Amino acid sequence: MSAVWSTLMGEALELASKGRYGVSPNPMVGAIVVDRDGLEVGRGYHEQCGGPHAEVVALAQAGSRSAGGTLVVTLEPCVHHGRTPPCVDAVLAAGIARVVVGSRDPNPLVNGHGVETLRAAGVEVVEGVRGEECERLNRRFGHWMRSGLPFVTLKMAVTLDGKIAARGGRSRWITSEASRRAGYALREEYDAILVGIGTVMADDPRLRRHLGLNPSPHIVRVVLDSELRLPLTSQLLSQEPGDVIVFCRAPAAADRGQELERIGVTVVEVGPDERSRCELWPVLRWLGSHGISSLLVEGGGEVHWSFLREHLVQQVHAFVAPLLLGGKEATSAVGGLGFGSPQEGVRLVFEEVRRLGEDVEIIAGVAGV
Ligand code: AOF
Ligand code: ZN
């Protein structure tokens with residue numbers, strides 16, 4: 001029977017990933033119901049944060065045919081009253097005889113209690129079917145749940161010699177259009193995007209979602225601006241300034257802070273790090289506790305270095321162009337002092353490498369994450 005569960009779990013995983021753009025900070029979940037003869041009678045996925053959970057969608061489709069049947073679900077069914085009632089109640093009410101679970105829910109409100117409650121009610125529970133894939137699907141959610149900090153991805157568009165701008169600062173364009181589009185697709189998936197004030201001053205970016213994949217056109221935009229230099233005229237503030245959070249070093253210019261707050265920007269003071277910039281751990285703590293489960297860091301090089309030296313990065317997403325710029329004065333993808341030896345550096349594992357137009361796209365995870 002296990003091969004059947006594995007195949008169905010594969011389909012449930014595919015279903016789950018359809019929620020990729022809409023569910024955050026909730027997890028992606030897919031579910032399939034088969035009747036007692038093994039015939040599929042319902043399927044569903046978690047489509048939008050706050051919407052019905054995958055199991056409830058699949059069970060509703062199955063109706064009375066779920067009695068005595070099996071529910072195959074990528075994530076342990078929930079037991080808590082959140083935005084929706086517990087899925088475990090729906091499973092029991094439907095008379096499901098067996099639940100096949102991919103991975104446990106890292107949410108401490110659920111973790112293990114879902115499967116225990118089902119077993120206590122006499123439902124057979126099979127756990128860990130394609131468990132690694134199911135966990136991987138929601139690795140950002142898992143990291144956020146376990147650490148309270150957003151899952152951090154450094155996104156960089158670099159030359160083959162690791163530069164993000166030429167001598168003099170010009171960076172348009174290093175990578176091809178295909179890479180830039182793929183970079184925009186990341187904005188549809190992440191809860192927030194972060195840049196340093198240097199990038200705002202140099203490029204005056206809007207940092208918006210452009211592709212329309214996420215039901216919300218707004219991504220939370222975060223600026224590290226230790227001295228509160230952000231100009232009120234910057235493009236970032238021209239639309240929806242209420243989605244902008246500026247972190248500055250305490251005590252920063254109070255009147256500038258008030259000006260920003262008056263137009264709806266959230267201004268948060270944090271302590272200084274050794275370089276008199278914003279200390280990052282409190283920044284991430286603040287974001288994590290305000291529902292930001294994933295953060296795309298888009299530079300510049302000094303910001304990347306700050307994150308790396310504090311070991312606050314989980315993933316690097318690089319678009320590498322077949323271009324060499326050379327020169328000590330060209331901006332490196334990672335600035336700062338740099339590590340003193342290869343052993344001290346941040347060791348990564350290449351997870352995906354593919355050609356993208358003229359460029360190469362590399363997704364590398366920090367070893368052990
Ligand atoms: C499930 N099936 O499809 C999802 C689950 O705020 P709520 O009510 O939507 O609950 C969100 C929590 O429920 C989330 O943190 C995670 O633990 C779980 N998500 N559980 O049984 C689903 N999306
Ligand atoms: Zn649920």
Side-chain angles (χ1 to χ4, degrees), residues 144 147-156 164-165 169 171 190-207 219-238 240-314 316 331-340 346:
W144 176 56
S147 69
L149 310 178
F151 182 96
V152 172
T153 295
L154 299 192
K155 185 237 151 191
M156 46 180 78
I164 55 173
S171 61
Y190 280 72
D191 293 339
I193 185 166
L194 179 147
V195 293
I197 186 65
T199 298
V200 176
M201 295 302 208
D203 299 345
D204 196 18
R206 288 183 299 155
L207 304 178
I219 184 166
V220 171
R221 292 165 291 160
V222 184
V223 183
L224 296 180
D225 183 10
S226 50
E227 282 159 20
L228 271 187
R229 293 190 289 142
L230 181 66
L232 287 166
T233 51
S234 60
Q235 288 249 49
L236 202 66
L237 304 177
S238 65
E240 312 287 345
D243 296 333
V244 176
I245 304 167
V246 178
F247 286 91
C248 61
R249 218 185 45 213
D255 45 346
R256 173 50 76 88
Q258 280 163 8
E259 274 176 342
L260 288 168
E261 279 172 345
R262 208 170 302 128
I263 60 165
V265 175
T266 302
V267 179
V268 185
E269 290 188 356
V270 293
D273 69 2
E274 294 86 343
R275 299 198 297 164
S276 299
R277 298 172 190 217
C278 294
E279 200 191 346
L280 287 184
W281 200 75
V283 168
L284 293 183
R285 272 299 296 258
W286 192 97
L287 293 172
S289 64
H290 286 77
I292 303 296
S293 67
S294 58
L295 179 69
L296 200 56
V297 176
E298 290 209 11
E302 294 302 320
V303 170
H304 287 167
W305 167 248
S306 298
F307 273 85
L308 286 166
R309 69 182 286 277
E310 300 287 333
H311 296 275
L312 291 170
V313 174
Q314 278 66 54
V316 175
T331 318
S332 293
V334 182
L337 189 60
F339 293 106
V346 175

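Not measured: the values here are computed from a predicted model.
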Participant: Can you list the steps and then say if M201 with R229 is a side-chain contact (heavy atoms from CB on, under 4.5 Å)?
Facilitator: CA-CA 9 Å; M201 295 302 208; R229 293 190 289 142; 3.7 Å; yes
Participant: Minimum heavy-atom separation for L149 and L284, please, with both atom names.
Facilitator: CD2-C, 3.9 Å
Participant: Return yes if some donor-acceptor pair links the side-chain N/O of S276 with the main-chain N/O of P272 below 3.5 Å, else return no.
Facilitator: no
Participant: Can you confirm whether L207 sits close enough to V195 that some side-chain heavy atom of one is under 4.5 Å from a side-chain heavy atom of the other?
Facilitator: yes
Participant: Where the side chain of E279 meets the backbone of V270, is there a donor-acceptor pair that is under 3.5 Å apart?
Facilitator: no
Participant: Please round to the nearest 0.5 Å and tell me the distance separating atom CD1 of I197 and atom OG of S226.
Facilitator: 9.0 Å
Participant: Can you check whether T153 reaches Y190 side chain to side chain, under 4.5 Å on heavy atoms?
Facilitator: yes
Participant: Could you tell me whether the side chain of V267 reaches within less than 4.5 Å of the side chain of C248, counting heavy atoms only?
Facilitator: yes
Participant: Indicate yes or no: at least one non-hydrogen side-chain atom of H304 is less than 4.5 angstrom from one of V297.
Facilitator: yes
Participant: Considering the options V265, V220, I263, L260, which one meets the side chain to side chain contact (heavy atoms under 4.5 Å, CB included) requirement together with V244?
Facilitator: V265
Participant: Could you go step by step and tell me if L232 and E259 meet the side-chain contact (heavy atoms from CB on, under 4.5 Å) rule?
Facilitator: CA-CA 8 Å; L232 287 166; E259 274 176 342; 3.7 Å; yes
Participant: Checking side-chain contact (heavy atoms from CB on, under 4.5 Å) for the pair V346/F307: CA distance, chi angles, key distance, verdict?
Facilitator: CA-CA 11 Å; V346 175; F307 273 85; over 6 Å; no
Participant: So, S294 side chain and D191 main chain: donor-acceptor pair closer than 3.5 Å or not?
Facilitator: yes
Participant: Quick check against the 3.5 Å criterion: does Q314 have a side-chain atom that pairs as donor or acceptor with the backbone of V152?
Facilitator: yes
Participant: Give me the ring orientation class for F247 and W286: parallel if the planes are under 30° apart, tilted from 30 to 60°, perpendicular past 60°.
Facilitator: perpendicular
Participant: Less than 4.5 Å apart, side chain to side chain, heavy atoms only: is that true for V316 and M156?
Facilitator: yes
Participant: Would the distance check show the side chain of R221 and the main-chain N or O of L194 forming a donor-acceptor pair, the cut-off being under 3.5 Å?
Facilitator: no
Participant: Using atom types as modelled and distance alone, determine if a side-chain donor or acceptor of T199 lies under 3.5 Å from a backbone N or O of G300.
Facilitator: yes
Participant: Please lay out, stage by stage, how R275 and W305 fare under the test side-chain contact (heavy atoms from CB on, under 4.5 Å).
Facilitator: CA-CA 12 Å; R275 299 198 297 164; W305 167 248; 3.5 Å; yes
Participant: Determine yes or no for a side-chain-to-main-chain donor-acceptor pair under 3.5 angstrom, with D204 supplying the side chain and Q235 the backbone.
Facilitator: yes
Participant: For the pair R256 (side chain) and L230 (backbone), establish whether a donor and an acceptor sit closer than 3.5 Å, ignoring hydrogens and angles.
Facilitator: yes
Participant: Determine, for R309 against E274, whether the closest basic-nitrogen to carboxylate-oxygen distance falls under 4.0 angstrom.
Facilitator: yes
